[in-house]
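Notes for the one structure printed next.
Values below: every heavy atom of this structure, side chains too, minus hydrogens, waters and symmetry copies. Note that ligands are numbered from 1 as they come in the structure, with each ligand's atoms numbered from 1 the same way. Positions are given from 1, in the same order as the sequence printed here.
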Amino acid sequence: SSNQRQLTAGMERVRPRPRLELAVGGIGRPSVVLGQHNQHNQQQQQHQQLMPAVGKLLLPDDATERQFSVDDLEDLGEIGRGAFGAVNRMRYTPTGVVLAVKRIRSTVDERQQKNMLLELNVVVNCQCEFIARSYGALFKEGDCWICMELMDTSLDKFYRIVYHHLHEAIPEVVIARIALATVSALDYLKEKLGMMHRDVKPSNILADRRGRVKLCDFGIAGKLVDSIAKTRDAGCRPYMAPERIDHQRMTEGYDVRSDVWSLGISLYELCTGRFPYRQWGTMFEQLEQVVKSDPPRLTDIRYSEEARSFANLCLTKDVKKRPKYRQLLQHPFLLESAALDADADIAAYFCSVLNRTPEEAQLADLLAAVHKVILCLTKAAVPSSRMADPSGASANTAATAGSAFVEGIGSEVVVCLFILLAGLILVAAWLSTYVPQDMRPIAVFVFENFGRYRPGEQQQQPQQVATAPLPPAAITGPAPIPTAAAEAPSASTATTETPSSSASPSSDTARIATPPSDSARIATEPATVPDAAADAGDTTAIDTPAAAAAVTTDLAAYDVDVLESDGDLDPEMRERVEDVLNEYTQVMEAKNDSELRNRRLKYFNCLLTQPADSDASASVASTSGAGTGAAASPVSASDTPASAVVVGSEAASSSILESSSAMPSAAPAATVDTASAAAPTSSATASSSRPPGSLLLRLKYFNDDLRTVVALPNESIANFKRKHFQVEMSRNMNIRLIYNGRELKEGTDCTLASYAIPEEATIHCLITERNTSANEESGAAAASGGGGGAAEGDGVGPLEGQGDIGSYMFPLFGGILGIIWYCRVCYKAYFNFMSTMALGAVTLLFFAAFFASWSARPPRQTGQIHVHRINLDAQQQQQQQQQDQQA
Ligand SMILES: Nc1ncnc2c1ncn2[C@@H]1O[C@H](COP(=O)(O)OP(=O)(O)OP(=O)(O)O)[C@@H](O)[C@H]1O
């Protein structure tokens, strides 16, 4: 702060204030103004005498000097700021040449100004390829403006990009080039101009994209540094040699070898990316470090022995033993560099670093921030005894070597931390599959996206369900559309009895009643085919013409529509859903097509019973006011549907045929709810007991020859509205029914019930690919084994099962690779070429495997199948017309 005061005082002393300049015209205090003005003019004259080059500009392409003033310079913005002023990019407007203009505040006394200008006068004319050219200088309001050759960057900025943003190290060949250029420039200064620099540091070494490295700021700043060496701000780094700081040594004086020390410090910084001394404490304490502690030692194994010995030679504390420039120029490190024709390489390297896009820089900054946090953690994790303090009293070779070691340890700690974190995330994700449904989305996201789903679904319990295969006989001819359904006064019977010609009580239908397999097919429909059901012995009894008629009738009564759900359902999926529905129709129409029948059609079907109607409880008969009543009336346990609409596969037909009369008492209670059990044998009674508007939603599915009915617990309409059913189909089209946060399993905790639902019902379902051959196998295994473990890919439903370790592999390997790459970026030096290539190859393999598996993964999408009723009035009218015509 005292320095700042000093600087400010100096500026005020020299600079005329604008207010005072105005006073020349008679305003203000003339005496003061004139006094200051005179003083300024005097200084200008002095400058002109001391430095003939002032006000003249000698540009590289010009043969003669030009007179120039501040008006000829157009400011293009600040490049940087130093202790004594700012450096701006400026265009010399007459020629358009862009220059770097260093504006040194006139804060020094007369004597120092004299020295500065004299030296500037000398260096303006110096010709050395390693010294940034000065083209001329001028004074403005006491400030000295020095026009210099514009370079692309200074090495302080450069090494920060390399180490702190890119997390790389400057290659040795570049370090050698920098050392060579700096020593050559210093040597030139001394030999040709009889000067020393006095302020060698990375910010005074400039570089450009052409690979040129140049020293700047010589002579001028050097004088200033001398004068305020002991009063500099604590933030400034002490590049000064010990003999310049230590009074006792100062008595012996110092020479160019002080600049050699500064060069050593600069090289250390460029090789390690950090200043060798501690940066905290007062300036005095920092300087004390330099004087009292052992000199820093470059031990970084990234650099060759020559490089290290060169830097360490420059950092010889005893000035007498420290080499001079000539000696340094003979050092193998510089000799090798001089012999190398690596200009192109160096230019390319500077370009590669300086041409990073802003996005890359931003990303690099982000990484740097993360890196910093991790390093802090690392430092906290590593015992302090192991942390080297290269700048402290104990700073010696071993300690500095320890520093590199600690960085290595750091990387290990980082790896451990990351692995721990990755493990925790995995465990959390795994555990989250057991948390309530509401909290599962995260787990779903994680596992769905990493292919956790496997072929095979929740196993059915063979002992709980019928496993009779579908005999070919079960599928009969196409079901005629019943027209009598609407006419039937007793709706429930009318629906199924309509095509009386085909309603023969076949053996198929007789099988319905056969317990226990049929028990799974819980009878819910009111007396649709009671006769058939009575002697049904096989589940395939569903395919009686009567049943088919009922189904088709019901289908005809409803319009099945597939809607997009929040944009989820893409056209492809939509098509697939439509396929399912079409296929259903096909099944209905081609009952005798054994090929079709043998296909494992496993879609869900839902039965939406129509509201009971006083006139007609048959499916198509009851139409008006259906939904409204339903919405208002909770369903009692005795509710049974009046009729049904089936959307889905052939399974639907069975459900239609499962009449309440066929609902045997032998049916296991587990699979039959109270409603069903209590359902009256008379369909008429059943339908009438059902509140108007109530609908039955029943889901059932086939698993090969395994037939199961999944039904829903009884709930009120309010609950139904609130909680959606979620139907999921896996790859092999098995269905999982999620309701109220848990999976419903047939025959266990599910009971059959009817629901009072509104006219329209939306079933959220997830439809996956049809059977693949693999799925067929797994499905078969599931059917036969009844339990198939997770390892076989069976029996594991989505979000369930603990096996399937393969699912974790992607995130696990991905995480580990990420960690390794991170470490590779942070600690590049520890990875040699081969390990980098190996890592790259493994990464590529990983990604290839990942994408292969990803692309092979069956599409899974959620969508909605929206089932809603069509205008039954219109249909009734149509039927009426038909009847009229017939009549
Ligand atoms: N000729 C130049 N071309 C391009 N950039 C330059 C040039 N000269 C200086 N700079 C930039 O301007 C910044 C400020 O330079 P300046 O010499 O004023 O301060 P410094 O060297 O950083 O510190 P100090 O004032 O202590 O010497 C430098 O860090 C450098 O990045």
Side-chain angles (χ1 to χ4, degrees), residues 3-4 6-7 57 59-60 73 75-92 97-108 112 116 119-120 123-124 126 128-137 143-162 178 181-182 185 196-240 244 259 262-263 265-266 269-270 275 279 283 286-287 350 353-354:
N3 183 38
Q4 277 173 353
Q6 186 189 345
L7 296 179
L57 192 69
L59 293 172
L73 297 171
D75 193 358
L76 300 177
E78 191 175 292
I79 303 173
R81 226 163 233 285
F84 309 109
V87 177
N88 282 46
R89 186 181 284 106
M90 291 194 186
R91 179 181 288 119
Y92 176 60
V97 175
V98 182
L99 312 163
V101 179
K102 179 161 184 161
R103 296 179 299 170
I104 302 173
R105 290 190 298 263
S106 57
T107 55
V108 290
Q112 285 170 330
M116 186 178 83
E119 288 183 357
L120 176 64
V123 296
V124 159
C126 94
C128 172
E129 60 171 320
F130 301 117
I131 289 175
R133 289 280 309 275
S134 292
Y135 301 134
D143 292 355
C144 181
W145 288 29
I146 300 168
C147 300
M148 293 184 291
E149 177 181 6
L150 180 68
M151 300 286 278
D152 288 324
T153 188
S154 54
L155 292 186
D156 62 323
K157 289 177 184 165
F158 186 79
Y159 90 73
R160 270 186 208 112
I161 297 174
V162 173
I178 291 167
T182 314
M196 63 178 286
H197 191 283
R198 297 186 184 90
D199 197 18
V200 175
K201 57 183 179 183
S203 69
N204 284 338
I205 304 173
L206 306 174
D208 69 3
R209 288 181 172 78
R210 289 157 66 186
R212 299 179 306 169
V213 178
K214 299 193 175 196
L215 190 65
C216 71
D217 251 14
F218 42 90
I220 305 149
K223 278 289 174 196
L224 298 176
V225 170
D226 264 357
S227 66
I228 57 168
K230 298 173 193 71
T231 56
R232 289 186 76 168
D233 293 339
C236 297
R237 291 167 171 181
Y239 291 88
M240 232 178 278
R244 286 178 67 188
D259 283 346
S262 305
L263 172 66
I265 299 282
S266 303
E269 210 175 345
L270 294 172
F275 194 69
Q279 294 281 287
M283 188 63 194
Q286 289 186 39
L287 294 175
F350 279 129
V353 173
L354 296 173

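Which parts of ligand 1 touch Lys157 is read off a 4.0 Å heavy-atom cut-off, strictly below it: atoms 31 (O). Heavy-atom proximity to Met148, at under 4.0 Å, picks out these atoms of ligand 1: 1 (N), 8 (N). Every atom of ligand 1 with a heavy atom of Ile79 under 4.0 Å away is listed here by number and element: 5 (N), 11 (C). Distances below 4.0 Å separate heavy atoms of Ala100 from the following atoms of ligand 1: 1 (N), 2 (C), 3 (N). The Asp199 neighbourhood of ligand 1 comprises atoms 27 (O), with distances under 4.0 Å to a heavy atom of that residue. Proximity to Asn204 (heavy-atom distance under 4.0 Å) selects the following atoms of ligand 1: 17 (O), 21 (O), 27 (O). Counting the atoms of ligand 1 from 1 in the order shown, those under 4.0 Å from a heavy atom of Gly80 are 12 (O), 13 (C), 14 (C). Less than 4.0 angstrom separates some heavy atom of Arg81 from each of these atoms of ligand 1: 14 (C).
Contacts between Asp152 and ligand 1 below 4.0 angstrom, taking non-hydrogen atoms only, are absent altogether. Residue contacts with ligand 1 for Glu149 involve N, CA, C or O but no side-chain atom from C-beta outward (heavy atoms, distance under 4.0 Å).
Leu150 contributes atom CG, which lies 8.5 Å from atom OH of Tyr135 (distance to the nearest 0.5 angstrom). Of the inter-residue distances, the one linking Lys201 atom NZ with Glu269 atom CD reads 10.5 Å to the nearest 0.5 angstrom. The structure places CZ of Arg209 at 11.0 Å from CZ of Phe350, a figure rounded to the nearest 0.5 Å. Atom CD1 of residue Ile79 and atom CZ of residue Arg89 lie 4.5 Å apart, to the nearest 0.5 angstrom. The distance from atom CG of Leu99 to atom CG of Leu76, rounded to the nearest 0.5 Å, is 9.5 Å. Remark: Lys102 NZ to Cys216 SG distance equals 6.5 Å, nearest 0.5 Å.
Nearest heavy atom pair, residue Leu57 against residue Gly136, reads CD1-N, 4.1 Å.
No donor-acceptor pair closer than 3.5 Å links the side chain of Asn88 to the backbone N or O of Met90.
The shortest N or O to N or O distance between Thr153 and ligand 1 is not below 3.5 Å. Checked by distance only, ligand 1 and Ser154 come closer than 3.5 Å through their nitrogen or oxygen atoms. By the 3.5 Å distance cut-off applied to N or O atoms, Val87 is not counted among the residues near ligand 1.
Residue-ligand proximity: Lys214 is placed with every non-hydrogen atom at 4.0 Å or more from ligand 1.
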Subject >> Leu270/Phe158 under side-chain contact (heavy atoms from CB on, under 4.5 Å): CA gap, chis, key distance, verdict >> reply: CA-CA 9 Å; Leu270 294 172; Phe158 186 79; over 6 Å; no
**OP:** Verify side-chain contact (heavy atoms from CB on, under 4.5 Å) between Lys214 and Met148, making sure each step is shown before the conclusion.
**Re:** CA-CA 12 Å; Lys214 299 193 175 196; Met148 293 184 291; over 6 Å; no
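Of all the listed residues (Arg103, Met151, Lys102, Arg89), Lys102 holds the heavy atom that lies closest to atom 18 (O) of ligand 1.
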